Amino acid sequence: MKKIAVIMLVSIMAFTGSVYAESAKSDNKTMSQEEKTDKVVNDFFNNIEKTLEDSTKKVADEIKSLNK
């Protein structure tokens with residue numbers, strides 16, 4: 001359970017950092033505020049989904065290793 005909490009905390013902190021970081025590949029002057037917001041929201045949900053999948057796989061692996 002501690003591992004899952006740490007993973008989620010790291011994900012949230014990474015998301016927070018990505019919100020304030022400037023993307024080198026995109027020209028922020030030409031992006032509208034709506035596009036920036038959409039990108040941030042999509043990245044946030046993708047990060048949460050990836051974290052949940054990873055943590056679920058880790059828990060499943062730990063359960064499998066207990067059965068051996």
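Here the structure is a predicted model, which is why all the values come from computation and not from measurement.
Surrounding CD of E34 are at most 12 heavy atoms belonging to other residues, nucleotides or ligands under 6.0 Å away.
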For this session: Run the numbers on K39 and D43 for salt bridge (Lys or Arg N to Asp or Glu O under 4.0 Å), then give the verdict.
Result: CA-CA 6 Å; K39 182 180 181 308; D43 289 346; 3.1 Å; yes
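Here the OG1 atom belonging to T51 is positioned 10.0 Å from the CD atom belonging to E49, to the nearest 0.5 angstrom. A distance of 6.0 Å separates CZ of F45 from CD1 of I48, quoted to the nearest 0.5 Å.
One finds no salt bridge joining K57 and D61 here, because no Lys/Arg side-chain nitrogen approaches an Asp/Glu carboxylate oxygen to under 4.0 Å.
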